[in-house]
Amino acid sequence: MNCIVCVTSVPDTASVIKIGPDGKNIDETGIKWIVSPFDEYALEEALQITEAKGGEVTAVTYGPARSEAALRDCLARGAHKAVHVIGGEATLGDSFTIAKVLAKALDGREYDLVLCGNMGVGTDCAQVGPMLAELVDIPHVANVTKLEVGDDSLSAGRDVEGGQEQVESPLPALLTCQKGLNEPRYAALKGIMAAKRKPVDKIEVATLGIDEATDSTYNVRSLELPPPKSEGTIIQGEDDPAGAAAQLVNLLRNEAKAI
Amino acid sequence: MAGILVFVEQRNGDIRQASLQAISEAHRQAGGDVAAVFVGSGIGDAAAGLGAYGAARVFLADDPNLALYSSEGYGEAVAKAVESAAPNAVFFAGTAMGRDLAPWVAAKLGTGALADVVALEKDGDQFVARRPVYSGKAFATVDSAGSKPQVISLRPNVFAAEETGGSAEVVALDGLSLAIRAVVKDLLDTGGGEIDVAEADIIVSGGRGLKGPENFALIRELAQALGGAVGASRAAVDAGWIAHKHQVGQTGKVVSPSLYVAAGISGAIQHLAGMSSSKIIVAVNKDPDAPIFKIADYGIVGDLFDVIPPMVEEVKKLAG
Ligand SMILES: Cc1cc2nc3c(=O)[nH]c(=O)nc-3n(C[C@H](O)[C@H](O)[C@H](O)COP(=O)(O)OP(=O)(O)OC[C@H]3O[C@@H](n4cnc5c(N)ncnc54)[C@H](O)[C@@H]3O)c2cc1C
């Protein structure tokens, strides 16, 4: 069972976001880059599947030079191979271009499962997985929190409002992975050392016949910090909690008209 | 500009509120030139009702094979409707279904998509959208770089639904070639009769400050008194106090209720990512420096165990 895991490298979720000088990108100084947390569920699932059934895990990323660290992290956790499509400088990338690049990168590889994170944290689009599935013409299940993989089919649970869809699909298939699916492992020191010696297959995006500038379907006009919130009404309730509760409910009713 | 096609979601024939919001927004943006595509099985009766929200035409795909959702089946219907209507833009409600279907349809149409949009305006013949990025730590103003049709999903509960009182012509979508590989076999009800946080108008959430699973009873009581749903921070979910479906935040649900009450929740950035677009935010926390107070419209600095019970009583008094 060969698995391809698509990963992206994103600012640590605890990062302070500052707007860069062009007003369209973030200021990258001091940003710590990590594997997008949802991709960790994808990688973990692929590792567990291949541990149980044999086969190889190939981690694929599309991004600038610094993204190699994300691949090394995947290799350290147990991925067998890595593919780095070099390009995609924009931190707020175009989902469709990313999906097209990944589709080209998958071309000619043998796989039973493609696993993606549910969304790239930061760009917050949750689009690459379904787009990629459509482009390579395989079925997909998005937002998966439960999975059983058979020899030529899978059964997955996908969370929807108030329920869970039980989906069955033949292989090969693509999944986007959500919290709840598994508990991602950390890289052990031995894995980190071994990862340094594993090769990373490097491909320049231009050689895939994709022109990032002219093919784009996503144009960032401007990036701004949220408008500052005006200060709220904060009641000190330590001494008279019941009085504070009454005052709050009254404000919610008569001022905010929220209840 | 040519019109807007709106994908309208139903479950058991009931049209989702978020889809009505999407039709209404399309109507505000494109006036009369709005069509809907409505997909399911045995839903013909509900189709004409979409006219009341501003759809002039409804493309209806009514087929037993479309009783439950599949991107391939529903996407085929949307693509057929796009072929007929040749719209300038296709709108989706950003529900679990819409967030899955919109990108798949976009790729099928050979175009991109703008997800989780919270405000829209027109610039010439294209839409310019505002969307939160970096978990709401920034907002991007984006367009589709000239690609057409523009596929756009709208964050639920941000755009208003309003009845316009029109009527719709229903057009059956024939000749769908349904080749569904990933098949939804069943839709399990995991809600247990509770309102899902993603759909609730009022949410009361509890965090680590609750100290144990049994104290979610307090949160539940307040939610019940307010007619709302129960939410939770990840700390409470990871501790096993409450199921993940209640989690609000970056790795949980993104919500925009009219009232969000956070009790015993510090307000970590990953939690704010899921609720900062709520209309009114209330915090109850014993730490006056908790970050949640920075985005709260109202708050009480105090012990939630002393504050929540009298709040429940006060709310019950209002209901009489
Ligand atoms: C990749 C990633 C994704 C994440 N996704 C999410 C997510 O989706 N949702 C989410 O919520 N978190 C998420 N987190 C976790 C997040 O960083 C915080 O750890 C979490 O939100 C903290 O939960 P909390 O506020 O309940 O707990 P704490 O931060 O421990 O806060 C508890 C609060 O309760 C208050 N308190 C304690 N006792 C009382 C009392 N008696 N009365 C009143 N107040 C009291 C304390 O003052 C404190 O402010 C994520 C983290 C990462 C790294």
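Below, each value reflects all heavy atoms present in this structure, side chains not excepted, and no hydrogens, waters or symmetry copies. Since the structure is predicted, the reported quantities are computational estimates derived from the model, not experimental observations. Chain letters run A, B, ... following the sequence lines, proteins first and then strands; every chain starts at 1.
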### Task
Answer with side chain, backbone, both or neither: which region of A:P227 has an atom nearer than 4.5 Å to a non-hydrogen atom of chain B?
side chain

#### Entry: Separation between OG of B:S147 and CG of A:N219, rounded to the nearest 0.5 Å
10.0 Å

#### Entry: For chain B, the option from A:P241, A:G237, A:G122, A:G243 that forms the most heavy-atom pairs under 4.5 Å
A:G122

### Task
Answer yes or no: is there a side-chain heavy-atom contact under 4.5 Å between A:R158 and B:V184?
no

### Query
Considering only heavy atoms, which portion of B:K108 lies under 4.5 Å from any heavy atom of chain A: side chain, backbone, both, or neither?
both

### Query
With a 4.5 Å heavy-atom cut-off, do B:L188 and A:E165 have their side chains touching?
no

### Rounded distance (nearest 0.5 Å) linking atom OG of B:S135 with atom CE of A:M119
8.0 Å

### Flag side-chain contact, heavy atom, 4.5 Å: A:K229 against B:S276
no

### Message
With a 4.5 angstrom heavy-atom cut-off, is it the side chain or the backbone of B:V282 that approaches chain A, or both, or neither?
### Response
side chain

### Toward chain B, the part of A:P228 with a non-hydrogen atom under 4.5 Å
neither

### Query
Can you say whether B:V254 sits under 4.5 Å from chain A via the side chain, the backbone, both, or neither, judging by heavy atoms?
neither

### Summary
Counting heavy-atom pairs under 4.5 angstrom with chain A, the leader among B:L68, B:D189, B:V128, B:T111 is B:T111

### Query
Can you name the nearest heavy-atom pair linking B:W104 to A:P130, along with the distance?
CD1-O, 3.4 Å

#### Entry: Exam field: side chain B:R131 to backbone A:T123, donor-acceptor pair closer than 3.5 Å
yes

### Query
Quick one: what part of B:I202 sits under 4.5 Å from any heavy atom of chain A, side chain, backbone, both or neither?
side chain

### Task
Return the option, out of B:M97, B:R99, B:E194, with the maximum number of heavy-atom pairs under 4.5 Å with chain A.
B:R99

### Structural part of B:I300 lying under 4.5 Å from a heavy atom of chain A
both

### Query
In Å and rounded to the nearest 0.5 Å, what is the CG to CG distance from A:L251 to B:D297?
11.0 Å

### Test: B:R16 and A:E161 ion pair at under 4.0 Å
yes

### Summary
Honestly, the part of A:A244 sitting under 4.5 Å from a heavy atom of chain B is both

### Message
For A:T91, which atoms come within 4.5 Å of any heavy atom of chain B: side chain, backbone, both, or neither?
### Response
both

### Task
Measure the shortest side-chain to side-chain distance between A:N143 and B:D100 over non-hydrogen atoms and say whether it is less than 4.5 angstrom.
no

#### Entry: Heavy-atom closest contact (B:A96 atom, A:D159 atom, distance)
CB-O, 4.0 Å

### Message
Show, in sequence, the C-alpha distance, side-chain angles and deciding distance for B:L187 and A:V160, and conclude whether the side-chain contact (heavy atoms from CB on, under 4.5 Å) test is met.
### Response
CA-CA 9 Å; B:L187 174 57; A:V160 301; 3.7 Å; yes

### Query
Is chain B contacted by the side chain of A:A258, its backbone, both, or neither, given a heavy-atom distance below 4.5 Å?
both

### Query
Which region of B:D306, side chain (C-beta onward) or backbone (N, CA, C, O), has a non-hydrogen atom less than 4.5 Å from a non-hydrogen atom of chain A, or is it both or neither?
both

### Query
Taking 4.0 angstrom as the limit, do B:E314 and A:R253 come out as a salt bridge?
no

### Query
Is there a side-chain contact between A:L252 and B:L259, using heavy atoms and a 4.5 Å cut-off?
yes

### Task
Check B:D196 against A:G162 and note the closest heavy-atom contact, atom names and distance.
OD2-N, 2.6 Å

#### Entry: Heavy-atom pair count under 4.5 Å with chain A, highest-scoring of B:G191, B:P309, B:A145, B:G193
B:A145

### Query
Any salt bridge between B:R181 and A:D137, counting N to O under 4.0 Å?
yes

### Message
I'd like to verify something: which residue of A:N250, A:T145, A:V220, A:D239 has the highest number of heavy-atom pairs under 4.5 Å with chain B?
### Response
A:V220

### Structural part of A:E255 lying under 4.5 Å from a heavy atom of chain B
both

### Task
Go through the atoms of A:T13 and report whether side chain, backbone, both or neither lie under 4.5 Å from a heavy atom of chain B.
both

### Query
Which one of A:V10, A:V16, A:I26 satisfies the side chain to side chain contact (heavy atoms under 4.5 Å, CB included) criterion with B:Y134?
A:I26

### Query
Looking at A:R221 and B:D143, does any basic side-chain N land under 4.0 Å from a carboxylate oxygen?
yes

### Query
If we ignore angles and hydrogens, is there a donor and acceptor under 3.5 Å between the side chains of B:T190 and A:Q164?
no

### Query
Taking atom NZ of B:K148 as the centre, does the number of heavy atoms from other residues, nucleotides or ligands within less than 6.0 Å exceed 12?
yes

#### Entry: Residue among B:R234, B:K279, B:E199 with most heavy-atom pairs under 4.5 Å to chain A
B:R234

### Message
Heavy-atom cut-off 4.5 Å, strictly under: side chain, backbone, both or neither for B:I295 against chain A?
### Response
both

### Summary
The interface call for B:V237 against chain A, heavy-atom contacts under 4.5 Å, is side chain

### Message
If I measure from the heavy atoms of chain A, does B:A113 come under 4.5 Å with its side chain, its backbone, both, or neither?
### Response
both

### Summary
Interface check, chain B: of A:G180, A:C125, A:G232, most non-hydrogen pairs under 4.5 Å belong to A:C125

#### Entry: Pairing of B:D238 and A:K179 as salt bridge, 4.0 angstrom limit
yes

### Query
Mind checking whether A:P226 and B:F139 have side chains closer than 4.5 Å, heavy atoms only?
yes

## Note on the structure
Taken to the nearest 0.5 Å, the spacing of A:E224 CD from B:R130 CZ works out to 5.0 Å

### Message
With chain A as the partner, which of B:V284, B:V142, B:V307, B:I308 has the greatest number of non-hydrogen pairs under 4.5 Å?
### Response
B:V142

### Task
Below 4.5 Å from any heavy atom of chain A, which atoms of B:Q250 appear? Answer side chain, backbone, both or neither.
both

### Query
So, do B:Q150 and A:T217 sit near enough that their side-chain heavy atoms are less than 4.5 Å apart?
no

### Summary
In short, B:P103 meets A:A126 closest at the heavy-atom pair CG-O, 4.2 Å

### Message
Heavy-atom cut-off 4.5 Å, strictly under: side chain, backbone, both or neither for B:D123 against chain A?
### Response
side chain

### Task
Would you indicate whether the side-chain heavy atoms of B:K137 and A:L225 approach each other to under 4.5 Å?
no

### Query
Once you round to the nearest 0.5 Å, how far does CG of B:L318 lie from CG of A:N254?
8.0 Å

### Task
Measure distances from A:L223 to the heavy atoms of chain B and classify the residue's part below 4.5 Å as side chain, backbone, both or neither.
both

### Message
Nearest 0.5 angstrom please: B:L114 CG to A:S95 OG, how far?
### Response
9.0 Å

### Heavy-atom proximity to chain A below 4.5 Å, by part of B:Q247
side chain

### Message
Counting heavy-atom pairs closer than 4.5 Å to chain A, which one of B:I280, B:D303, B:I281, B:D116 comes out on top?
### Response
B:I280

